[in-house]
Amino acid sequence: MASFARVCTYNKPVPVLTTSLCICSCRVSTKKTLNLPPFSDYSSLRVVRDAKTKPLFRSRLGRISVERRFLTAVTRAESNQLGDDNSEGVDRRIQDLQNVEEEEEKQKKASQLKKRVIFGVAIGLPVGGVVLAGGWVFTLALAASVFIGSREYFELVRSRGIAKGMTPPPRYVSRFCSVICALMPILTLYYGNIDIWVTCAAFVVAMTLLVQRGNPRFSQLSSTMFGLFYCGYLPCFWVKLRCGIARTWPIFLGGPPQWTVGLVATLISFSGVIATDTFAFLGGKAFGRTPLTSISPKKTWEGTFAGFVGCIVITILLSNSLSWPRSLFSSIAFGFINFFGSVFGDLTESMIKRDAGVKDSGSLIPGHGGILDRVDSYIFTGALAFSFIKTSLRLYGV
């Protein structure tokens, strides 16, 4: 046995089930037992491990401290065998162990938040410069992000959680789709409309899956087609929004002539998404009580409402500052569109990760996870913002 407890005074062992040592109430296992002798003094308890020093058990949080968890669980399980004189001391020691664990958890969360803020600012500044530059700079940066994000998506599809219920596409097909997704923003900038190109690419991918060796599955076709749409086609609307709406921003509205409506709309949309995420996080931490959905248990209705208010306020302030859109109603509607796209995109990626059984889509960005974890709120927002400007705002003029 790799781990056991010994008390110097007694020699008669008493079996203790490992279920009393597990910190997770949903996991019950009676296959392994530990030999634990009865004892009368908590201070005489010692934990002895062999040379391998493997952890006694694991949890979703990672490796668990063997000594701390073992002592806490055994003390609780055997507290009825202790004398009245030692009960208060044992309870005090248990409380001390719990306080240490809570302090370590707080320090860990503070470190993660600090890292998240640092890398968020470090990424946000270059992204702002890319948005202002526009043109090929913006398109190539978007294409690189799309390629990495599509690779993360197909790795999620191949993960153990999703692969249990479906057959993932072959690796050569997923790599080919990632290349196609990366080419879509470039073709959008060059041609403007890529519906024919997307249709041809989808047809080629579908035929490749149908003629592959083995038994083709519908799950392969559906996951691949959704990958082309989710990772490739939807991000192209940011190119249409930033570079396609190139009408000169009127001077009489208070802006320099080199700025375009597409640039202003992109800046407001990006700011609205950031405001939604930030205010939803802060509001959920301060007032979160009611869960929003089972897809993402940490999201609450209170945090979502705070994100909605923050997005609307930021959109109105930027609209007044940049003199676009001209009407208050258009500004509120544009803010709602950005909020709705942000929340829906976030929940969609959370659903994919939940089925995959992973917390993050990757580990490229410290404190944030992968590219998909950082841009999930932007995937649907670009298409909604572009459609709103091209259709609804025509009634009011831009």
Side-chain angles (χ1 to χ4, degrees), residues 130-131 134-136 138-157 162 168-169 172-209 218-245 262 265-266 269-270 273 337-338 340-353 361-362 370-391:
V130 169
V131 172
W136 284 103
F138 178 82
T139 304
L140 292 178
L142 181 63
S145 301
V146 165
F147 178 78
I148 300 174
S150 61
R151 296 298 302 142
E152 292 178 352
Y153 164 80
F154 284 107
E155 288 300 322
L156 290 176
V157 172
I162 295 181
Y172 68 90
V173 174
S174 62
R175 292 168 182 169
F176 178 65
C177 289
S178 298
V179 175
I180 293 177
C181 291
L183 291 176
M184 286 185 185
I186 300 175
L187 295 175
T188 301
L189 180 65
Y190 190 79
Y191 291 103
N193 192 343
I194 61 169
D195 293 345
I196 297 178
W197 293 95
V198 173
T199 304
C200 294
F203 177 77
V204 172
V205 171
M207 292 303 299
T208 303
L209 291 173
F218 176 73
S219 59
Q220 296 177 324
L221 181 63
S222 59
S223 61
T224 304
M225 293 298 106
F226 180 76
L228 290 175
F229 172 76
Y230 181 73
C231 299
Y233 184 71
L234 287 177
C236 292
F237 282 93
W238 284 112
V239 178
K240 294 182 178 181
L241 180 63
R242 172 61 185 91
C243 308
I245 306 179
T266 304
S269 293
F270 272 49
V273 172
I337 289 294
N338 293 325
F340 185 76
S342 174
V343 174
F344 184 74
D346 193 354
L347 292 178
T348 301
E349 204 240 350
S350 297
M351 179 179 61
I352 298 174
K353 292 190 297 183
S361 63
I371 287 292
L372 281 181
D373 296 315
R374 186 62 274 170
V375 303
D376 53 359
S377 300
Y378 298 84
I379 293 179
F380 289 96
T381 307
L384 294 176
F386 177 80
S387 301
F388 177 77
I389 293 173
K390 295 293 288 186
T391 56

Exercise. Determine, step by step, whether Leu228 and Cys181 satisfy the side chain to side chain contact (heavy atoms under 4.5 Å, CB included) criterion, reporting the C-alpha distance in whole Å, the side-chain angles of both residues, the deciding distance to 0.1 Å, and the verdict.
Key: CA-CA 6 Å; Leu228 290 175; Cys181 291; 4.0 Å; yes

Quiz item: Is there a side chain to side chain contact (heavy atoms under 4.5 Å, CB included) between Ile180 and Val204 once you walk through the steps?
Solution: CA-CA 11 Å; Ile180 293 177; Val204 172; over 6 Å; no

Quiz item: If you look only at pairs with a residue in residues 181-191, which of them pass as a side-chain hydrogen bond (donor to acceptor under 3.5 Å, both in side chains), with sequence neighbours excluded?
Solution: none

Quiz item: How many angstroms lie between OG1 in Thr348 and CG in Leu372, if you round to the nearest 0.5 Å?
Solution: 11.5 Å

Quiz item: Taking atom CE of Met184 and atom CG of Leu142, what is their separation to the nearest 0.5 Å?
Solution: 12.0 Å

Self-check item: Closest contact, heavy atoms only, Ala182 versus Val146
Solution: N-CG1, 3.9 Å

Quiz item: Can you list the residues that meet the side-chain contact (heavy atoms from CB on, under 4.5 Å) rule with Phe203, with sequence neighbours excluded?
Solution: Met207

Quiz item: Got Cys231 and Phe154 here, is their nearest side-chain heavy-atom distance under 4.5 Å?
Solution: no

Quiz item: Is there a side-chain contact between Phe226 and Ile352, using heavy atoms and a 4.5 Å cut-off?
Solution: yes

Quiz item: So how far is it from Leu187 CG to Ile194 CD1, rounded to the nearest 0.5 Å?
Solution: 6.5 Å

Practice problem: Working to the nearest 0.5 Å, report the span between OG1 of Thr139 and CZ of Arg242. | Solution: 9.0 Å

Quiz item: What's the spacing between Gln220 CD and Thr208 OG1 if we round to 0.5 Å?
Solution: 11.5 Å

Practice problem: Could you pull out all residues at least two apart from Asp376 that satisfy salt bridge (charged side-chain N to carboxylate O under 4.0 Å, His left out)? | Solution: none

Quiz item: Does any non-hydrogen side-chain atom of Ile162 lie less than 4.5 Å from one of Pro168?
Solution: no

Quiz item: Do Leu183 and Phe147 touch side chain to side chain, with heavy atoms closer than 4.5 Å?
Solution: no

Practice problem: Any side-chain hydrogen bond (donor to acceptor under 3.5 Å, both in side chains) involving residues 143-154? Give me the pairs, sequence neighbours left out, ordered by first then second residue. | Solution: Ser150-Ser178, Glu152-Ser361

Can you give me every donor-acceptor pair (side chain of residues 377-386, partner residue at least two apart or in another chain, under 3.5 Å) with its distance?
unit_1, atom_1, unit_2, atom_2, d
Thr381, OG1, Ser342, N, 3.4
Thr381, OG1, Ser377, O, 2.6

Practice problem: Quick one: closest heavy-atom pair of Gly232 and Cys236, and the distance? | Solution: O-SG, 3.1 Å

Quiz item: Of all residues at least two apart in sequence or in a different chain, which pass the salt bridge (charged side-chain N to carboxylate O under 4.0 Å, His left out) check with Lys353?
Solution: Glu349, Asp373

Quiz item: Can you name the closest pair of heavy atoms from Thr266 and Leu241 and give their distance?
Solution: OG1-CG, 3.7 Å

Quiz item: Rounded to the nearest 0.5 Å, how far apart are CD1 of Ile371 and CD1 of Ile148?
Solution: 5.0 Å

